[in-house]
Protein chains: 2
Amino acid sequence: MPPAPEDPPGFELPLLLFAGFRTLIDELHAELARCGHPDARPVHGFAMQAIGPAGATASEVGRRLGVSKQAAGKTVDRLAALGYVERVDDPHDARRKLIRLTPHGLDMLNQSAEIFDRLRARWVERLGAERVASLESSLRTVVPATGFPVDVPGWFG
Amino acid sequence: MPPAPEDPPGFELPLLLFAGFRTLIDELHAELARCGHPDARPVHGFAMQAIGPAGATASEVGRRLGVSKQAAGKTVDRLAALGYVERVDDPHDARRKLIRLTPHGLDMLNQSAEIFDRLRARWVERLGAERVASLESSLRTVVPATGFPVDVPGWFG
DNA sequence: GTAAACTCGTCAACGTGGTTGTCGAAACAG
DNA sequence: CTGTTTCGACAACCACGTTGACGAGTTTAC
């Protein structure tokens, strides 16, 4: 089926996906700012998700996020300066430095989860549970099944 | 309806939207690279869309994109260095410098439109026309009706 | 008509999030 | 014991964004 003239132009789809993503992220951070996390940035959430409650090393974070270990290290520096994580020496391996979430960092992760649930609930209010579930299931079908790194270095920066 | 335990966690929705967007953008640029535009970046597409076939000034581009005129000016510099746009003096206003797409730039815009149409058609193959249309219509209802700038400075950088 | 106010483009300094390359120290494989 | 690999750090660099300032040109008000 070649593109029928009444089809929306193809560039609207990425725009809508981006606008949807960005709307959620903006609302998340507006809400986080009201809950004791005014300096949190989107990248911080991704990085702390990659660190996880069990902790990780900078190299691991880099691999999970699909960026270099140096970039991950710099992000961890900023996270540490904001009090979200701390570095502790690994007694079993003197090279490694375990990055662990502080209580403040854990709080941000928990709050983010709650806020995202509330935001999704608001979409359900406006669209109905079925359409939201359908949207998620459609996207799950078309996005490659990898974890979140899709591996185009510097795709947006 | 408070979040039922069988609902997907709220953070999956933004992840899926982002993954969908990024998948499309990555495929667009992989394809553009094969069609004579190996140096194009996502930001370039947005900026050239904001310039438009009629041309615009750097300040206008900044306003349309929701960034400062200085940032827009720097992006135009890079676009000009890549041969996508040129600056011409406005005879009616000696302050203004009209930014116009070169044939090369126009070609990129046209190719992008075609590629996006093909990518959307691939989604239609996998999901069916109805589900894609439903996805678009759902997103249209939940994203604020503004143009693309949602106005959080530095939301991702 | 002139003075004030605004707008345009540019320069400079800086922050953030990436990249590559290098390096010493530590761990590991042979 | 000797290579090889891995870890974290350092440096230099690039892309993209921000403020603040500034001269030149255009509008607006008086």
Side-chain angles (χ1 to χ4, degrees), chain A residues 22 25-26 29 39-48 50-51 55-82 84-100 149-157, chain B residues 22 25-26 29 39-48 50-51 55-82 84-100 149-157:
Chain A
R22 188 166 156 163
I25 294 294
D26 289 352
H29 283 278
D39 298 318
R41 314 279 243 96
V43 172
H44 299 160
F46 280 76
M48 291 175 54
I51 293 167
T57 69
S59 293
E60 282 167 349
V61 172
R63 281 191 293 265
R64 290 176 194 172
L65 256 35
V67 301
S68 66
K69 61 181 182 176
Q70 293 92 330
K74 283 205 273 185
T75 298
V76 169
D77 286 345
R78 285 164 209 134
L79 249 27
L82 291 170
Y84 285 123
V85 304
E86 57 186 358
R87 286 185 224 251
V88 316
D89 289 341
D90 183 337
H92 302 330
D93 186 337
R95 295 168 308 175
R96 289 159 51 96
K97 287 189 185 160
L98 238 286
I99 299 154
R100 288 198 345 219
V150 184
D151 190 47
V152 166
W155 73 278
F156 216 125
Chain B
R22 189 167 157 163
I25 294 293
D26 289 351
H29 284 277
D39 297 319
R41 313 278 244 99
V43 171
H44 300 162
F46 280 75
M48 291 174 54
I51 293 166
T57 68
S59 293
E60 282 168 348
V61 171
R63 280 191 294 265
R64 291 176 194 173
L65 257 35
V67 302
S68 66
K69 61 180 180 177
Q70 294 93 329
K74 283 204 271 186
T75 298
V76 169
D77 287 345
R78 284 163 212 134
L79 249 25
L82 292 170
Y84 285 124
V85 303
E86 57 187 358
R87 286 184 224 250
V88 316
D89 289 340
D90 183 337
H92 302 327
D93 187 336
R95 295 168 307 176
R96 288 158 53 94
K97 287 188 187 162
L98 238 286
I99 300 153
R100 288 197 346 219
V150 186
D151 188 50
V152 166
W155 73 280
F156 217 126

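Reminder, nothing fancy here: chain letters follow the sequence lines and each chain counts from 1. Just the heavy atoms: all of them, side chains too, but no hydrogens, waters or symmetry mates, feed the values below.
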Side-chain touch B/His44/B/Leu82, heavy atoms, less than 4.5 angstrom: yes
In the structure I gave you, are the side-chain heavy atoms of B/Asp89 and B/Lys97 within less than 4.5 Å of one another anywhere? yes
Checking all strands, does A/Ala71 fall into the base, sugar-phosphate, or nothing category for heavy-atom contacts under 4.0 angstrom? base
Once side chain to side chain donor-acceptor pair (under 3.5 Å) is applied, do any residues pair with A/Asp90, and if so which ones, sequence neighbours excluded? A/Arg96
Could you please name the option among C/dG18, C/dT10, D/dC16 that lies closest to any side-chain atom of A/Val43? C/dG18
When you get a sec, tell me which of D/dC7, D/dG17, C/dT10 is the closest nucleotide to the side chain of B/Val67? D/dG17
Counting only side-chain nitrogens and oxygens, does [X] get under 4.0 Å of the OP1 or OP2 atom of [N]?
X	N	value
A/Arg63	D/dC7	yes
B/Thr75	D/dA15	no
B/Ser68	D/dC16	no
A/Arg78	C/dG17	yes

Reference residue A/Leu79; test side-chain contact (heavy atoms from CB on, under 4.5 Å); the match among A/Ile99, A/Ile51, A/Val61: A/Ile51
Atom pair distance, as rounded to whole Å: [atom1] in [X] and [atom2] in [N]:
X	N	atom1	atom2	answer
A/Asp90	D/dG8	CG	P	9 Å
A/His44	C/dT16	NE2	P	8 Å
B/Phe46	D/dA15	CZ	P	19 Å
A/Asp39	C/dG15	CG	P	15 Å
A/Arg96	C/dC28	CZ	C1'	14 Å
B/Lys69	C/dT10	NZ	C1'	9 Å
A/Leu79	C/dG17	CG	C1'	13 Å
A/Asp77	C/dG17	CG	C1'	12 Å

Can you check whether any acceptor in the base of D/dG8 is under 3.5 Å from a donor in the side chain of A/Lys97, or vice versa? no
Using 0.5 Å steps for rounding, measure from the [atom1] atom of [X] to the [atom2] atom of [Y].
X	Y	atom1	atom2	value
B/Ser59	B/Arg64	OG	CZ	11.0 Å
A/Arg41	A/Ile25	CZ	CD1	12.5 Å
A/Arg78	A/Asp39	CZ	CG	13.5 Å

Filtered N/O pairs between nucleotides 23-26 of chain D and protein, under 3.5 Å:
| unit_1 | atom_1 | unit_2 | atom_2 | d |
| --- | --- | --- | --- | --- |
| D/dG25 | N2 | B/Arg95 | NH1 | 2.8 |
| D/dT26 | OP1 | B/Ala94 | N | 3.0 |

More 5' along DNA chain D: B/Lys74 or B/Gln70, using each one's nearest nucleotide? B/Lys74
